[in-house]
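Atoms considered below: every heavy atom in the structure, side chains included; atoms not considered: hydrogens, waters and symmetry mates.
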Amino acid sequence: MEIDLQRMCAADYNETEVVSMGTEEYMSELKDRGYRLTGKRREILEFLLCHNRYISARELIDYMKAKHPTMSYETVYRNLKTLRDEGMIEESRFEDNETKYRIICQPGHHHHYICIRCGRTMVIDHCPMPELSIPKGFHVLRHRFEVLGYCEQCQREMEKEQETEKHSDQSV
């Protein structure tokens with residue numbers, strides 16, 4: 001089965017966030033850190049870069065297996081772990097308890113609004129941490145803010161789906 005990555009990327013284009021590096025820069029960074037530059041690692045990076053949203057390991061595995069039927073789950077998970085550990089991708093656990101991944105959208109400290117339907121993200125324009133009252137005696141090591149909800153596009157799609165269901169229920 002031939003996969004059209006360009007078409008998939010266009011569907012996931014998110015102009016509210018700019019990915020900080022391209023495939024070659026990530027590959028060069030991995031090489032500088034002592035990792036082998038494999039074709040499959042490159043394809044995984046390209047897939048993550050073009051989607052610019054949180055994706056499940058299942059989505060990535062399905063994509064990779066369509067191109068490489070003998071590719072193992074372990075190869076995908078090992079690469080995701082490497083990219084996460086090297087600070088090149090972000091990992092988040094969603095309401096369905098599924099872990100999803102996305103390419104780092106910007107270097108440094110930042111937080112996201114995350115659409116739980118499509119996985120798109122928007123950067124929160126400031127860190128809310130200073131506004132919190134930390135309990136006395138509590139030592140913060142790190143923090144992460146993720147505001148989960150539905151993006152504008154998904155809200156419109158869900159409204160259309162509800163209207164369609166409403167009309168089909170009325171016609172029965």
Check your understanding: With a 4.5 Å heavy-atom cut-off, do L60 and I55 have their side chains touching?
Key -> yes
Residues 127-139 side chain polar contacts: donor-acceptor under 3.5 Å, at least two apart:
residue : atom : partner : partner atom : Å
E131    : OE2  : H126    : NE2          : 3.1

Practice item. Following the transitive rule for hydrophobic clusters with a side-chain heavy-atom cut-off under 4.5 Å over Ile, Leu, Val, Met, Phe, Trp and Tyr, establish whether F47 and Y77 coincide in one cluster. Key: yes
Exercise for review: Indicate the atoms forming the closest heavy-atom contact of E91 with T99, along with that distance.
Suggested key: CG-CG2, 3.2 Å
Check your understanding: Donor-acceptor pair, R102 side chain versus I89 backbone, under 3.5 Å?
Key -> no
Practice item. Please confirm whether K65 makes a cation-pi placement over Y73, using NZ or CZ under 6.0 Å from the six-membered ring centre and within 45° of the ring normal. Key: yes
Exercise for review: Could you tell me whether E43 and K67 have a side-chain N and a carboxylate O separated by less than 4.0 Å?
Suggested key: yes
Review point. Is the number of heavy atoms from other residues, nucleotides or ligands within 6.0 Å of OH (Y35) greater than 12?
Key: yes
**Study point:** Side chain T82, main chain R78, donor-acceptor under 3.5 Å
**Key:** yes
Check your understanding: Is a side-chain donor-acceptor pair under 3.5 Å present for E90 with H110?
Key -> yes
Check your understanding: So, does H68 use its side chain to make a donor-acceptor pair with the main chain of M64 at under 3.5 Å?
Key -> no
Check your understanding: Is a donor on one side and an acceptor on the other found under 3.5 Å between the side chain of T164 and the backbone of K160?
Key -> yes
Exercise for review: Could you tell me which residues satisfy side chain to side chain donor-acceptor pair (under 3.5 Å) with E29, sequence neighbours excluded, listed by chain and number?
Suggested key: R33
Review point. Taking all non-hydrogen atoms of both residues, which atom of I114 and which atom of S92 are closest, and how far apart?
Key: CD1-OG, 4.1 Å
Practice item. Please say whether more than 12 non-hydrogen atoms of neighbouring residues, nucleotides or ligands are located less than 6.0 Å from CD in E161. Key: yes
Review point. Which class fits the ring pair H109 and H111: parallel under 30°, tilted 30 to 60°, perpendicular over 60°?
Key: perpendicular
Check your understanding: Looking at side-chain heavy atoms only, is the closest gap between Y26 and S28 below 4.5 Å?
Key -> no
Review point. Given side chains that start at C-beta, do those of I103 and L45 come closer than 4.5 Å, heavy atoms only?
Key: yes
Review point. Aromatic ring centroids of Y101 and Y54 under 6.0 Å?
Key: no
Practice item. Using atom types as modelled and distance alone, determine if a side-chain donor or acceptor of E59 lies under 3.5 Å from a backbone N or O of S56. Key: yes
**Study point:** Between E159 and Q155, a side-chain donor and acceptor under 3.5 Å
**Key:** no
